[in-house]
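Working notes, beginning with the structure itself.
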Amino acid sequence: IFIMVSADELAAILKERVPAEEVIAVDQSNQCGMKFSVVVISSVFSGMNLLARQRHVNSCIKEELNDIHALSMRTWTPEQWATKKDTFSF
């Protein structure tokens, strides 16, 4: 069974499960819920390398990933986000 998830729903799920201070999710598939770009900002990422961060995020949305065709993610600590947020764009 295909369960479509919206960008807002994906952001809320990630914010709760990671847990994250902030999540920005953008549906890049014309609202069909198949391709997303996300930015996940979490203190949990402190001390983790990039692969460990991405694995953690993937494990938090394991069920949802069954219905998502493509997921691009950026995973930053709050300190990293503070230096990037003013110039960041998808």
Compute the ring centroids of Trp76 and Phe88, then answer whether they are less than 6.0 Å apart. yes

Tell me whether Met73 is reachable from Val39 by hopping between hydrophobic residues (I, L, V, M, F, W, Y) whose side-chain heavy atoms are closer than 4.5 Å. no

Same cluster or not: are Leu10 and Val44 linked, directly or through other Ile, Leu, Val, Met, Phe, Trp or Tyr residues, by side-chain heavy atoms under 4.5 angstrom apart? yes

Report yes if the side chains of Leu71 and Gln54 come closer than 4.5 Å at any heavy-atom pair, otherwise no. no

Closest non-hydrogen atom pair, Phe45 against Thr75: CE1-CB, 3.7 Å

Neighbour count >12 (heavy atoms, 6.0 Å) for atom CG, Asn49: yes

How far apart are the closest heavy atoms of Glu9 and Ser6, and which atoms are they? OE1-N, 2.8 Å

How many angstroms lie between atom OG of Ser46 and atom CD of Glu79, to the nearest 0.5 angstrom? 5.5 Å

Would you say Ile41 and Phe90 are hydrophobically clustered, going by side-chain heavy atoms of ILVMFWY under 4.5 Å? yes

Could you check Lys35 against Gln28 for side chain to side chain contact (heavy atoms under 4.5 Å, CB included), going step by step and ending with a plain yes or no? CA-CA 5 Å; Lys35 180 180 177 186; Gln28 297 187 316; 4.2 Å; yes

Report yes if some heavy atom in the side chain of Val5 is under 4.5 Å from a heavy atom in the side chain of Asp67; otherwise report no. no

Identify the heavy atoms of Ala20 and Val18 that sit nearest to each other, and give their distance. N-CB, 3.9 Å

Is there a chain of hydrophobic side chains (I, L, V, M, F, W, Y, each step under 4.5 Å between heavy atoms) that links Val40 to Ile68? yes

If you count every heavy atom of other residues, nucleotides or ligands that lies below 6.0 Å from Glu21 atom CD, does the total exceed 12? yes

Heavy-atom pair of closest approach, residues Val23 and Ala11: CG1-CA, 3.7 Å

Check Glu22 against Trp81 and note the closest heavy-atom contact, atom names and distance. OE1-NE1, 3.5 Å

Salt bridge (charged side-chain N to carboxylate O under 4.0 Å, His left out) between Glu64 and Arg17, intermediate numbers included: CA-CA 12 Å; Glu64 289 78 11; Arg17 294 182 191 168; 3.1 Å; yes

Is it possible for you to say whether Met48 and Ile61 belong to one hydrophobic cluster, with membership spreading through side-chain heavy-atom contacts below 4.5 Å? yes

To the nearest 0.5 angstrom, please state how far the CG atom of Leu50 sits from the CZ atom of Arg55. 10.5 Å

Do you know the tightest heavy-atom contact between Ser29 and Met34? OG-N, 3.2 Å

